[in-house]
Number of protein chains: 2
Amino acid sequence: MQALFSQDARTIADRLGDALVTAIVKGDIASGSKISEPDLAQAYRVSRGPLREALRRLEGLHLVSRVPHAGARVVTLGLEELVEIYHIREALEGMAARLAAANMREEERRALTQLLDLHEENIEQSQGREYFQREGDFDFHYRIIQASGNQRLIDLLCSELYHLIRMYRYRSARMTARPAVALAEHRQIAAAIAHGDGEFAEMLMRKHISTARRNIERQFRAAGE
Amino acid sequence: MQALFSQDARTIADRLGDALVTAIVKGDIASGSKISEPDLAQAYRVSRGPLREALRRLEGLHLVSRVPHAGARVVTLGLEELVEIYHIREALEGMAARLAAANMREEERRALTQLLDLHEENIEQSQGREYFQREGDFDFHYRIIQASGNQRLIDLLCSELYHLIRMYRYRSARMTARPAVALAEHRQIAAAIAHGDGEFAEMLMRKHISTARRNIERQFRAAGE
DNA sequence: AGAGCCTAAATTGTCAACAATCTATTAAAT
DNA sequence: ATTTAATAGATTGTTGACAATTTAGGCTCT
């Protein structure tokens with residue numbers, strides 16, 4: 001019965017993979033930069049074997065792109081790809097909201113509202129401190145997705161698609177710049193879910209995400225490209 | 001400028017990955033079976049290094065599940081997971097059909113109809129020869145997805161989600177058992193796309209996939225579990 | 001007889017050296 | 001002077017051996 005809760009039930013490649021994901025998402029490893037296997041291996045004090053396995057996983061997450069015999073680069077997310085992802089989010093999170101309205105327990109619905117109360121406080125008193133700007137929105141969507149009950153959908157959105165979105169948010173300092181508007185939309189969605197109105201929740205979620213997509217498009221054009 | 005079109009511009013791990021995907025999908029490697037790295041490596045005449053990298057990719061495709069220090073197993077697709085995937089297909093391929101109706105060129109619309117003519121021939125004269133039963137349906141959906149123009153959506157459906165569906169089709173000998181019905185639905189979808197009616201195409205596609213899902217549920221219950 | 005522990009074999013995870021490929025620099029030729 | 005080709009360096013891909021962990025078998029004890 002090895003260690004009760006062993007310090008590494010997981011393998012080096014797995015932990016390294018997680019570490020690299022957050023490093024890329026947070027920008028510690030610059031987007032677009034080339035990845036040198038010897039350098040990275042030394043930086044994380046691991047061998048190239050586990051590193052290559054971890055990179056294979058990141059490739060599957062579309063966080064790095066590999067060219068055989070030429071090496072791996074951190075992806076650069078352009079407007080094009082971001083818009084594509086938001087269109088997919090629109091379809092999938094709309095579906096998640098509908099399912100959440102059908103499946104959420106009373107306790108979860110209350111917790112969802114309380115989460116938004118917390119967000120409101122943070123918006124007021126700190127004018128959007130970084131963390132809540134970035135991860136708070138994610139928390140809200142995350143809970144709804146979780147409540148969908150569709151495990152494959154959960155994996156798809158939370159473990160395979162959201163990294164790129166978080167990556168974008170860490171790069172664009174103040175993304176929406178309108179946390180109050182987003183909060184109001186969140187409240188509407190939460191209300192629809194609270195009432196068990198799945199159709200309406202789906203509609204509101206789709207509109208919410210499509211609005212966010214348009215903001216991104218506007219922001220990109222304003223930024224020159 | 002190495003070989004003009006070199007026999008292996010790709011790496012061993014990449015080719016091996018593809019080989020393993022098809023082997024699993026076609027059932028050459030039994031679903032649920034444990035994967036022995038030494039055995040598999042010897043069977044494919046490769047070393048364990050590339051094999052492990054390939055397995056990492058298959059893990060990302062949800063074709064194998066790994067347990068640290070315990071090994072990898074080929075996934076067994078239960079009704080639960082299959083239904084989840086079909087719900088996701090409903091949302092995503094509905095969206096793909098809508099986009100295809102907006103984006104398809106005249107030539108592609110004709111080709112789509114011709115493809116269905118070909119399917120009709122094969123259904124009549126061969127009473128559903130295996131290949132067309134299995135891959136023909138895929139071809140139809142494949143073209144519509146491709147025409148969506150959303151590269152991320154294309155990857156998601158064609159490279160990350162469809163393997164499991166094909167795997168199911170290879171296992172259940174005669175799946176729908178109603179190729180004629182499916183063909184009729186395909187014709188309706190193609191017609192809607194031909195007329196550029198995206199909303200209707202989406203609706204029909206969703207209904208088509210939801211019908212397929214119910215057939216699978218019925219079939220599973222009939223099969224005992 | 002059955003449960004639990006211990007030992008041993010097999011398997012997975014990791015590492016470091018070797019081979020193959022690409023990139024950059026330098027030299028040569030037009 | 002610019003382009004092309006060749007060479008050297010660095011980097012990626014691959015291999016086989018080593019270490020750590022798990023599983024199966026047998027033994028002991030209750």
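Every chain is numbered from 1, with letters handed out A, B, ... down the list of sequences. Since we're looking at a predicted model, the values are computed, not measured.
Note on B:Gly49: a base of the nucleic acid sits closer than 4.0 angstrom, heavy atoms only. Residue-level contact check: B:Leu16 touches neither bases nor backbone, having no heavy atom under 4.0 Å from any strand.
Here the side chain of A:Arg66 is nearest to one of D:dT23, D:dG13, C:dC15, namely D:dG13. The side chain of A:Lys34 has D:dT12 as its nearest neighbour among D:dT14, D:dT12, C:dG13. In this structure, the nucleotide among D:dT22, D:dT14, C:dC15 sitting nearest to the side chain of B:Ile12 is D:dT14. Side-chain atoms of A:Pro38 lie closest to D:dT12 of the nucleotides D:dT12, D:dT15, C:dT12. Side-chain proximity of B:Glu53 to the nucleotides D:dT12, C:dT12, D:dT14 is greatest for D:dT14. Ranking D:dA17, D:dT23, C:dA16 by closeness to the B:Ala70 side chain, first place goes to D:dT23.
Projected onto DNA chain C by closest heavy-atom contact, B:Asp39 and B:Arg56 fall at different nucleotides, the more 5' of which corresponds to B:Asp39.
A distance of 4.5 Å separates OG in A:Ser148 from CD1 in A:Ile154, rounded to the nearest 0.5 Å.
Residue A:Arg52 places none of its side-chain N or O atoms closer than 4.0 Å to OP1 or OP2 of D:dT12. Considering only side-chain N and O atoms, B:Thr11 lies under 4.0 angstrom from the phosphate OP1 or OP2 of D:dT14.
Salt bridge B:Arg66/A:Asp14: absent, no basic N to carboxylate O contact under 4.0 Å.
Interface remark: the A:Arg10 side chain does not form any donor-acceptor pair with the C:dG13 base, using a distance-only criterion of under 3.5 Å.
Put simply, CD on A:Glu37 is 5 Å from P on D:dT12, counting in whole angstrom units.
Centroid-to-centroid, the aromatic rings of B:His208 and B:His186 come within less than 6.0 Å.
Judged by distance alone, with hydrogens and angles left aside, the side-chain atoms of B:Ser33 form no donor-acceptor pair with the main-chain N or O of B:Ile29 at under 3.5 Å.
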